[in-house]
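What follows is one structure encoded as structure tokens, with my remarks underneath.
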There are 2 protein chains.
Amino acid sequence: MFSKSCEYGIRAVIYIVSASKNGERVGIGEICQNIDAPEHFTAKILQILTRNRIVSSQKGVHGGFYLDDYQKGLALIEVVTAIDGKTLFTGCGLGLKQCSETNPCPIHSKFKSIRNDIKKMLEQTTIEELGNSIKKGKSVLKTLKI
Amino acid sequence: MFSKSCEYGIRAVIYIVSASKNGERVGIGEICQNIDAPEHFTAKILQILTRNRIVSSQKGVHGGFYLDDYQKGLALIEVVTAIDGKTLFTGCGLGLKQCSETNPCPIHSKFKSIRNDIKKMLEQTTIEELGNSIKKGKSVLKTLKI
DNA sequence: TAAATAAAAGACAAATTTATCCTTTATACA
DNA sequence: TGTATAAAGGATAAATTTGTCTTTTATTTA
Ligand code: FES
Ligand code: FES
């Protein structure tokens with residue numbers, strides 16, 4: 001469904017929101033320990049997200065990553081499109097060069113419906129909402145014991 | 001969503017069903033021309049499908065690929081699982097080592113619902129049905145003009 | 001101002017997926 | 001029986017994704 005990059009990116013932003021109480025910044029080391037992701041690789045993904053103003057960052061002592069109030073309210077689809085692009089929402093399920101209403105592939109109508117459900121779900125889910133779920137202990141960002 | 005291998009595989013079986021009138025066999029060259037896929041690569045995918053008894057093949061003169069009546073009635077999910085495995089239907093949307101009801105990721109319940117919709121759709125769609133759509137000219141297996 | 005810190009950025013490496021080429025095996029048919 | 005044909009299979013290569021390591025830049029604080 002999502003690329004590894006995207007999975008790490010989503011988990012990272014959720015962790016940041018869940019961990020940064022009152023504007024505190026979270027370092028890449030702490031993030032990656034808590035989401036069980038490779039550090040340097042995830043750092044690059046967070047670079048993409050900061051360039052796209054989906055997360056904020058601060059260099060130097062007491063620096064790290066955080067989300068401002070506007071960013072917390074962003075929907076998950078912003079994270080996904082920044083990392084994986086829009087192919088999941090616009091591309092043909094059978095890999096035709098373009099999804100077309102006039103020359104559809106055989107699964108077009110069924111696939112389109114699912115594609116739209118995914119899009120809706122990602123549009124309706126905010127980063128903050130998922131962060132709260134983690135804060136309350138209702139969900140996790142890494143498998144506990146191996 | 002699906003891997004390239006799976007996209008080619010699905011398009012190939014649909015083409016075979018749509019093109020082989022009364023048990024006629026279809027060669028790999030003809031298949032790949034009509035679904036716009038790389039020949040040797042697609043041949044290997046069809047090998048996987050024949051090993052899994054999802055398509056039939058015949059070597060030698062007048063050989064090629066075809067589907068018997070039982071195979072035509074198979075659902076698309078058989079093709080997908082043979083090529084891409086079951087990860088799409090069982091794996092965690094955020095890439096956790098395992099999807100768990102007791103220790104869910106933050107999007108588990110929303111993702112599970114979509115995952116099940118995809119599964120249902122693939123279970124309810126038969127190869128033959130999609131082949132008929134092609135036969136009737138209601139859909140296509142490759143983008144017409146580039 | 002200098003040292004310490006942490007993200008940004010660049011270069012490189014491993015792993016996986018996708019794609020190509022060549023040889024072998026099975027089958028039909030002359 | 002021998003030849004042509006087409007799938008099966010093996011080896012290799014290109015491309016992409018994923019992961020690691022090192023250097024640079026910006027910022028804080030002593
Ligand atoms: S043409 Fe294939 S999904 Fe629209
Ligand atoms: S735990 Fe992530 S989808 Fe179930």
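Lettering follows sequence order; numbering is per chain, from 1. What you are looking at is a predicted structure, and each value in this text was computed from that prediction instead of being measured.
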> Does C:dA6 have OP1 or OP2 sitting under 4.0 Å from an N or O in the side chain of A:Ser57?
Replying inline: no

> Just to confirm, is there a sub-4.0 Å distance from OP1 or OP2 of C:dT17 to any side-chain nitrogen or oxygen of B:Ser5?
Replying inline: no

>> Angle between ring planes, B:Phe111 versus A:Phe2, binned at 30° and 60°: parallel, tilted or perpendicular?
In response: tilted

> Taking atom types as modelled and ignoring hydrogens, do the side chains of A:Gln98 and B:Thr143 form a donor-acceptor contact shorter than 3.5 angstrom?
Replying inline: no

> Which is true for A:Val55 with a 4.0 Å heavy-atom rule: it touches a base, it touches only sugar-phosphate, or it touches nothing?
Replying inline: nothing

> Roughly, in whole Å, what's the span from CD in A:Gln58 to P in C:dA8?
Replying inline: 10 Å

> Which nucleotide, C:dT18, C:dA6, C:dG10, lies nearest any side-chain atom of A:Lys44?
Replying inline: C:dG10

> Going hydrophobic residue to hydrophobic residue with side-chain gaps under 4.5 angstrom, can you get from A:Ile48 over to B:Leu94?
Replying inline: no

> Are A:Leu88 and A:Lys119 side-chain neighbours, meaning at least one heavy-atom pair lies under 4.5 Å?
Replying inline: no

>> Closest-nucleotide mapping onto DNA chain D: is A:Lys59 or A:Phe2 further toward the 5' terminus? I mean the 5' end.
In response: A:Phe2

>> Walk me through whether A:Lys72 and A:Thr126 qualify under side-chain hydrogen bond (donor to acceptor under 3.5 Å, both in side chains).
In response: CA-CA 7 Å; A:Lys72 286 179 189 171; A:Thr126 67; over 6 Å; no

> Roughly how many Å is it from CZ in A:Arg25 to C1' in C:dT5, rounded to a whole number?
Replying inline: 13 Å

>> From CZ of A:Arg53 over to P of C:dA8, roughly how many Å is that when rounded to an integer?
In response: 12 Å

> How many Å lie between CG on B:Asp36 and P on C:dA19, as a whole number?
Replying inline: 11 Å

> Which whole-number value in Å describes the distance from B:His62 NE2 to C:dT27 C1'?
Replying inline: 11 Å

> Phosphate oxygens OP1/OP2 of C:dA8: is one of them under 4.0 Å from a side-chain N or O of A:Arg51?
Replying inline: no

> Is there a chain of hydrophobic side chains (I, L, V, M, F, W, Y, each step under 4.5 Å between heavy atoms) that links B:Leu130 to B:Met1?
Replying inline: yes

> Is A:Glu24 salt-bridged to A:Lys21, going by a charged N under 4.0 Å from an acidic O?
Replying inline: no

>> Please report the distance, rounded to the nearest Å, between NZ in B:Lys4 and C1' in C:dT20.
In response: 17 Å

>> Output the rounded distance in Å from CZ (A:Phe41) to P (C:dC12).
In response: 19 Å

> Starting at the 5' end of DNA chain C, which residue's closest nucleotide do you reach first, A:Gln47 or A:Gly60?
Replying inline: A:Gly60

> Where the side chain of B:Tyr8 is concerned, which of C:dA8, C:dA19, C:dA11 is the nearest nucleotide?
Replying inline: C:dA19

>> Quick check on DNA chain D: between A:Pro38 and B:Leu46, whose nearest nucleotide comes earlier from the 5' end?
In response: B:Leu46

>> Can you give me the first and the last nucleotide of DNA chain D (5' to 3') that has an atom within less than 4.0 angstrom of a non-hydrogen atom in chain A?
In response: D:dT18 to D:dT29

> Separation of A:Glu39 atom CD from C:dA8 atom P, in whole Å?
Replying inline: 13 Å

